[in-house]
Structures are given as C-alpha cells and as structure tokens.
Enquirer: 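To start, I am sharing the structure in question, which I have written as structure tokens.
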Amino acid sequence: MNVADSRNLADDLDRLGCIRVSKAEDADIIVLNSCVVRQNAENRVASKLGALRGIKGIRPDALIALMGCMVGPEVYGLHERFPHVDMFISPQQFAPLLNVVRKRISSAIGFEYNASPVAPTAFVPIIHGCDNFCSYCVVPYRRGREVSRPVDEIVNEVRLLTARGAREVTLLGQNVDSYGHDLAGSPDLADLLRVINGLDGLVRIRFLTSHPKDMSDGLIEAVASLDKVCEHISLPFQAGDDDILEAMHRGYTNEQYRDLVYRIRDVVPDAAISTDLIVGFPGETDTQFQRSYSILEDLRFDMVHVAAYSPRPETYASQHLADDVPPDVKKARLDMVEELQERIVAEINSKLLGTAVEVLVEGTKKGRWYGRTRTDKLVFFDDERDMTGRLVDIEVKKAGAWSLQGSPV
Ligand code: SAM
Ligand code: SF4
C-alpha cells in the first residue's frame, strides 16, 4: 500500500512537471512516506526525518513533507517533534501538498503537463482502510474504516494505466476479499476481476491481501477461470494456535485456515501462496509457536513474511495484553522460521529447473533483465534486445531461494 501511495503521489508530481532527482539534497520537494506497523519502522522514519534537518538548514526553501501512517487522520504533536517538516499529509490526502507545489510552479515556470510513461507493473488500490481490528494492528486507526472504490472508477484508472504502458495491475487493499460490500449492488472481488480481465492491453492481474475469513469459493473459481488473473494468493495466517488466533481477533481457526489452503490447491493446482505470521504475540508459549511452525512445514508456502510482535499504540493488545515474550525468544523464533522457509522455497524453486516459465519483464538490475512469473517468482536473464514490458518464456537454469535465472526459450 505504501509503494502504491508513493507511486501515485510521484505520478501526480510528474504530471505537474516536477523532475525526479536521485538525492534528497538536490530536491526542492522531499516527501517521506512512513510506516508505523512496527516500532522499528517508526524509529527508522524518525531517524530519516532527523537526517533531513540539515537540508532545511542549507536550503530553507526546500519543502519537506511527511506522509503515511505516522501522520494518521489527525496530526498529534508532530509539529513540535519535527519543526523542520513543512507539511504532514494524512494517508492518501495529497491535495494540500499538490496545491502548494502547483502554486510554486505557477509562480516560477508555469504548468507543464507531463504524461510520463508508467512502469509495466502498476498498483491500484480498490478498497481503503480496514474494519477488522486485529488486536495487534494499528492500520484501522491510521487508515480508517473500509471504503471500496466504485468499479467504474477502478476500471477507468486501469484503462489509463494500460494506455500509459502498464501491462500488469495489482489490486490492493488491507482486505481485498471484502471489496464491494459497501457499494450499491454489492459487487465482489470476483465480479471486479471479471470486468478487469476483459480490458485490452492488460496481460496480468494480481490482488492482495486476502483475509482467510473472507475468501469465497467464488473468488477461488475466478482465479482458476480468468486467464489474466495470476495464480498467486497472499493469505496471512498470523498464528497457528487457536487461542492466539482468538486473542488476535482473526476470526478463523488453524483447521479452517488449512482447509482453505487445500481448497485453493484443489481448484488452482499451480497456485503460489504467500503468507504473513507474527512470532512472540503476548503469551505465546513454545508449544503455541510450534503450531505456527507446523503450518509452515505442512503447507509449504512460496513466500513468508515473518515479524516479531511489536505493541502498537491504540491497539487492543497493547492496552490489555503484556508484551511478555522476551526479545531473545522472539529473535530465536524469527530465525527458526526464516531458516525453515529458506529451505522450503529452495526446494519448491528447484522443481522449476529445466522448465519454461512465463516472465513479464519489468526492467534491468545490474545489467540483467528481470521480471516475475505468474506465481510472483523473481527471474533474471540476459538479452540484447529491449525487453521492457514483454512477456517472454524463460528456461530456468539456476534456482535459489530468492530468485531464478535462465535464458529465453
Ligand atoms: N491486512 C493484512 C492482513 O490481514 O494480514 C496485512 C496488513 S499488516 C499492515 C501487514 C503485516 O504486518 C501483517 O500481516 C502482520 O503480520 C504484520 N503486523 C501488523 N501489526 C503488527 C504488530 N503489531 N507486530 C508485528 N507485526 C505486525
Ligand atoms: Fe491489520 Fe487485521 Fe486489518 Fe490486516 S485485517 S490491516 S492485520 S486489522
């Protein structure tokens, strides 16, 4: 979501005629996008903001703005904490910043519409906010309640993006599976996917994140039957123990989660499934952690995002549950998950050796082309031609846990 917000704002600034520079020291407008989902992230934002203070000393005209979840719907005490920051932008509320930039540009050089090309892959938020209030999570307090964007508005945005060069869109939301419940006629995500699947120019569609309690059979069928919808599902389980799941307010059990994954794999046999989990939630014992570990061993995910529990302000868990798992125990559990997962992904990926995978080329890194498979695996290859935005079949010659390497078939 933050990458999508950054890109959207950057696109708006592009359209106003702003030019990107590579160093903050050279910029007239510096916007720091912030995540506060864990304390570590918040600390990093504070230290980056501190580092920007020097720029304001040398160039007082430089406009420094902070956006994202650290700001939230209201600005509490941030002006006092960071007096060198000119603007605080609540999530996705770009208008005040764009107005200031517009005024500065018109007084300097005037307007210049710059319909710059977009990347082959684009993000499109389809539902803002979250209604779930998982007990550990700050998102509903910072991004508000669920608001779905109308189907027409999303379709128009996807059309515009494809006209400017996008070939893949990722439909975004904290819980995309509850898309549409607040719209007239209650269209759901499967309905939206069917409409977008029919748009010319687009070759791939992804969506994330799904919530296990809301994923419908209709959505799984849509993934199986719609040719542009990639076989890739992001389905966080967060914990394997039923008591912890209940304390997290997740709304499903270990068994229900496992059944859902079996159902997905029955209907979409090649589906890559990624997941998130938290270790060291308040009160999590070794035995309870072991239940999360067993899910990883049994279900063998393609990608796992694991985080140590971090108490976040305003959340139920931070107010009612003691953060009682010691840091070294959290760290040991993190390491165990990462070690296990690296082995599992290396095994999954090694099965692709010698096969051909379809890659949508996104660009170059260190002189090599890279892109992703439909199952979201990163692939590197060499080619003399300009491959940007093309779909190519790549024969996999090397397979590691983090990426694949190969050559065009
Ligand atoms: N909406 C998605 C879901 O329901 O899983 C994910 C949203 S959350 C912003 C991204 C991930 O951050 C979560 O899946 C969770 O694993 C992690 N996370 C959220 N709050 C956390 C906390 N207080 N401590 C550690 N990890 C946290
Ligand atoms: Fe946070 Fe839960 Fe909403 Fe995901 S579903 S954003 S974890 S409250």
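Counting starts at 1 for both ligands and their atoms, in listed order. Note that the structure is predicted; figures quoted are calculated from it, not measured.
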Enquirer: Number the atoms of ligand 1 from 1 as they appear, then name those within less than 4.0 Å of a heavy atom of V37, with their elements.
Expert: 9 (C), 19 (C), 20 (N), 21 (C), 22 (C), 23 (N)
Enquirer: Which atoms of ligand 2 have any heavy atom of Y136 under 4.0 Å away?
Expert: 7 (S)
Enquirer: At less than 4.0 angstrom from any non-hydrogen atom of A307, what atoms of ligand 1 do you find?
Expert: 26 (N)
Enquirer: Need the ligand 1 atom indices (1-based, order shown) with element for anything under 4.0 Å from a heavy-atom of P236.
Expert: 3 (C), 5 (O)
Enquirer: Between the side chains of R59 and D28, is the shortest nitrogen-to-carboxylate-oxygen separation below 4.0 Å, so that they form an ion pair?
Expert: yes
Enquirer: Can you name the atoms of ligand 1, numbered from 1 with element, that are less than 4.0 Å from a heavy atom of R250?
Expert: 3 (C), 4 (O), 5 (O)
Enquirer: Under 2.8 Å from atom 3 (Fe) of ligand 2, which protein N, O or S atoms are there? Could you list them by chain and number?
Expert: C130 SG
Enquirer: What part of A308, side chain, backbone, both or neither, has a heavy atom within less than 4.0 angstrom of ligand 1?
Expert: backbone
Enquirer: Between L404 and A399, what is the shortest heavy-atom contact and its length?
Expert: CD2-CB, 3.6 Å
Enquirer: Find all atoms of ligand 1 within a distance of less than 4.0 Å from any non-hydrogen atom belonging to D276, and give their numbers and elements.
Expert: 10 (C), 11 (C), 13 (C), 14 (O), 16 (O)
Enquirer: Flag H211 as yes when one of its N or O atoms lies below 3.5 Å from any N or O atom of ligand 1, and as no otherwise.
Expert: no
Enquirer: For R312, counting its heavy atoms only, list the atoms of ligand 1 lying under 4.0 Å from any of them.
Expert: 23 (N)
Enquirer: Exactly one of T373, V379, V357 should register a side-chain contact (heavy atoms from CB on, under 4.5 Å) with V396. Which one does?
Expert: V357
Enquirer: Side chain, backbone, both or neither: which applies to M248 and ligand 1 if a contact is any heavy-atom pair less than 4.0 Å apart?
Expert: neither
Enquirer: Does an N or O from T209, backbone or side chain, lie closer than 3.5 Å to an N or O of ligand 1?
Expert: no
Enquirer: So is R143 close enough to ligand 1, meaning a heavy atom under 4.0 angstrom away?
Expert: no
Enquirer: Mind checking whether V139 has a heavy atom under 4.0 Å from ligand 1?
Expert: yes
Enquirer: We want to know whether N40 and R44 form a side-chain donor-acceptor pair, criterion being a heavy-atom distance below 3.5 angstrom.
Expert: no
Enquirer: Using a distance-only test with no angle check, is there a side-chain donor-acceptor pair under 3.5 angstrom linking D227 and N197?
Expert: yes
Enquirer: Quick one: does Y309 get an N or O within less than 3.5 Å of an N or O on ligand 1?
Expert: no
Enquirer: With rounding to the nearest 0.5 Å, note down the distance linking CD1 in I127 to CD in E146.
Expert: 4.0 Å
Enquirer: Are the side chains of Q39 and S310 in contact, using a 4.5 Å heavy-atom criterion?
Expert: yes
Enquirer: Tell me whether N175 has any N or O atom under 3.5 angstrom from an N or O of ligand 1.
Expert: no
Enquirer: Measure the spacing between CZ of R159 and CD1 of I154 and express it to the nearest 0.5 Å.
Expert: 13.0 Å
Enquirer: Under the side-chain contact (heavy atoms from CB on, under 4.5 Å) test against T121, which residue among V169, L161, L360 passes?
Expert: L360
Enquirer: When you measure from the side chain of E284 to the backbone of D241, do you find a donor-acceptor pair of N or O atoms at a distance under 3.5 Å?
Expert: no
Enquirer: Applying a strict 4.0 Å limit to heavy atoms, is C130 in contact with ligand 1?
Expert: no
Enquirer: Taking the six-membered ring of Y252, is the NZ or CZ of K213 close enough (under 6.0 Å from the centre) and on axis enough (within 45°)?
Expert: no
Enquirer: Side chains of D214 and S178 only: does a donor on one sit below 3.5 Å from an acceptor on the other?
Expert: no
Enquirer: Could you tell me which atoms of ligand 1, counted from 1 in the order shown, lie closer than 4.0 angstrom to a heavy atom of R38?
Expert: 24 (N), 25 (C), 26 (N)
Enquirer: Does some non-hydrogen atom of R250 fall short of 4.0 Å from ligand 2?
Expert: yes
